[in-house]
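Notes follow the structure.
Chain A is the first sequence line, chain B the second, and so forth, proteins listed ahead of strands; every chain is numbered from 1.
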Amino acid sequence: MPELPEVESVVRDLHRAGLVGREIQELTVRWPRTLDRPSVEEARVRLRGARIADVRRRGKFIILDLSTGESLLVHLRMTGQIDLQLASREPDPHHHLLLALDHGEELRFRDTRKFGRFYLVAHPDEIVGDLGPEPIDPAFTLEQFRTMMRGRRGTIKPLLLNQSFVAGLGNIYVDEALFRAHIHPERRADTLTEQELVVLFGAMRDVLVEGIENRGTTLGEASTNYLSVAGRRGNNKQNLRVFRRTGHPCPDCGTPIERIIVGQRSSHVCPLCQPK
DNA sequence: ATCGCAGCCTGTACGC
DNA sequence: TGCGTACAGGCTGCGA
């Protein structure tokens with residue numbers, strides 16, 4: 001569920017909440033699979049007394065760099081959320097991992113579908129080493145994108161969703177970027193014209209940057225939807241042009257938006273603006 | 001390299 | 001209201 005803009009919003013909110021500098025005093029894991037590695041016993045020993053030196057993002061991962069030199073990585077997957085609450089407050093039944101901090105606070109990981117994962121590692125590259133470039137990093141150039149696309153015989157949408165190709169795009173922002181570039185999601189990557197490539201590169205960045213400016217996309221009211229720290233909603237839904245807008249008029253030509261399946265993922269397209 | 005599928009989980013929406 | 005079904009924004013491992 002959370003993609004690059006949502007994860008970026010969580011990281012910014014954690015900074016705002018003053019997470020950097022805080023001390024981790026205890027780890028509690030209530031759903032064992034939430035901690036991918038190491039074992040709970042091992043992690044408790046290594047986390048106790050560590051301070052949070054920095055909070056940053058790589059792709060869809062949140063990285064907590066620790067004073068010990070190690071890093072704690074979090075992937076929210078579909079329904080993961082981070083809460084910062086007083087330890088005295090009763091945790092939610094969906095809080096599966098708790099990090100007791102100083103000042104009587106707790107960082108709590110809430111995740112209805114239980115797909116989210118924590119990784120405590122000596123170096124983040126153990127987890128994020130295979131990720132592709134950051135799409136909104138100024139160091140990521142059109143030239144580089146062009147080279148990466150060369151010779152890719154696969155379908156464009158699954159390729160953009162592949163985190164080792166580019167890091168951070170998910171179903172929402174891929175559909176939005178392809179629509180803005182007027183490219184059908186089933187196009188073969190190496191058949192894009194130079195012009196299409198240029199427009200797609202810009203569209204990809206635009207939808208992500210706008211997503212961040214709007215603090216992410218929260219789709220509905222349900223507890224399974226994206227929320228940032230302390231239940232904060234994102235405002236980017238109003239910015240979506242095709243995603244989950246089946247039957248609504250295309251903002252460019254008025255034709256009803258269609259929902260199709262591409263690479264086993266639901267996809268939203270304007271049949272006129274995005275011809276095959 | 002690329003594709004398709006099962007699996008990991010729970011909640012929600014919708015048709016009857 | 002209840003029941004069955006389909007569906008959900010991610011990712012991994014497997015076989016082809």
If you look at every strand shown and take non-hydrogen atoms under 4.0 Å, does [X] touch a base, only sugar-phosphate, or nothing?
X: A:R188; answer: nothing
X: A:Q163; answer: sugar-phosphate
X: A:F243; answer: sugar-phosphate

Next on the checklist: Go through it in stages, so that I can follow the logic: the residues are A:R58 and A:E134, the test is salt bridge (Lys or Arg N to Asp or Glu O under 4.0 Å), and I'd like the CA-CA distance, side-chain angles, deciding distance and then a yes or no.
Outcome noted: CA-CA 7 Å; A:R58 175 76 173 98; A:E134 283 291 325; 2.9 Å; yes
Checklist entry - Just by distance, do the side chain of A:E106 and the backbone of A:L84 share a donor-acceptor pair under 3.5 Å? => result no
Nucleotide [N], atom [atom2] - distance to [atom1] of [X] in whole Å:
X: A:R58; N: C:dC11; atom1: CZ; atom2: C1'; answer: 16 Å
X: A:R244; N: B:dT12; atom1: CZ; atom2: C1'; answer: 10 Å
X: A:I62; N: C:dG10; atom1: CD1; atom2: P; answer: 15 Å
X: A:N162; N: C:dG13; atom1: CG; atom2: P; answer: 14 Å
X: A:L219; N: C:dA8; atom1: CG; atom2: C1'; answer: 10 Å
X: A:K157; N: B:dT2; atom1: NZ; atom2: C1'; answer: 17 Å
X: A:L161; N: B:dT2; atom1: CG; atom2: P; answer: 14 Å
X: A:E6; N: C:dA8; atom1: CD; atom2: C1'; answer: 15 Å

Checklist entry - Between A:A53 and A:S67, what is the shortest heavy-atom contact and its length? => result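 Residues A:A53 and A:S67, closest heavy atoms: CB-N, 4.3 Å.
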Please tell me if [X] has a side-chain N or O lying less than 4.0 Å from either OP1 or OP2 of [N].
X: A:H75; N: C:dC11; answer: yes
X: A:K60; N: C:dG9; answer: no
X: A:S266; N: C:dA8; answer: yes

Item to check | Pairwise P distance for B:dC5 and C:dA6, with rounding to whole Å | outcome: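 About 15 Å, rounded to a whole number of Å.
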Next on the checklist: If I pick the P atom on C:dC3 and the same atom on B:dC9, what distance separates them, to the nearest angstrom?
Outcome noted: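 It works out to 25 Å between them.
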Checklist entry - For the side chain of A:N171 and the base of C:dG10, is some donor closer than 3.5 Å to an acceptor across the two? => result no
Next on the checklist: One thing to verify: whether A:E176 and A:R241 come together as a salt bridge, which I'm taking to mean a side-chain N less than 4.0 angstrom from a carboxylate O.
Outcome noted: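 No.
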Checklist outcome for this item: Intra- and inter-strand pairing of DNA chain B, written as dot-bracket with Watson-Crick and G-U pairs under 3.5 Å and | for the latter, reads .|||||||.|||||||
Checklist entry - How are the rings of A:F145 and A:F201 set relative to one another: parallel (under 30°), tilted (30 to 60°) or perpendicular (over 60°)? => result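 A:F145 vs A:F201 ring planes: tilted.
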Checklist entry - Would you call the rings of A:W31 and A:H96 parallel, tilted or perpendicular, where under 30° means parallel and over 60° means perpendicular? => result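 It falls in the tilted class, 30° to 60°.
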Checklist entry - Between A:R108, A:H95, A:R110, which is the residue that forms a side chain to side chain donor-acceptor pair (under 3.5 Å) with A:D83? => result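 Answer to the side chain to side chain donor-acceptor pair (under 3.5 Å) test with A:D83 among A:R108, A:H95, A:R110: A:H95.
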Next on the checklist: Centroid separation under 6.0 Å, is that true for the rings of A:H268 and A:F243?
Outcome noted: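 Yes, the ring of A:F243 comes within the 6.0 Å limit of the ring of A:H268, centre to centre.
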Item to check | Under 4.0 Å protein heavy-atom contacts per nucleotide of nucleotides 3-9 of chain B, with B for base, S for backbone only and - for none | outcome: SBB--BB
Checklist entry - For A:D65, what residues pass the side-chain hydrogen bond (donor to acceptor under 3.5 Å, both in side chains) criterion, not counting sequence neighbours? => result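 For A:D65 the side-chain hydrogen bond (donor to acceptor under 3.5 Å, both in side chains) partners, ignoring immediate neighbours, are A:R56, A:S71.
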Next on the checklist: Would you say CG of A:D130 has more than 12 non-hydrogen atoms from neighbouring residues, nucleotides or ligands within 6.0 angstrom?
Outcome noted: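 No, the 6.0 Å shell around CG holds no more than 12 heavy atoms from other groups.
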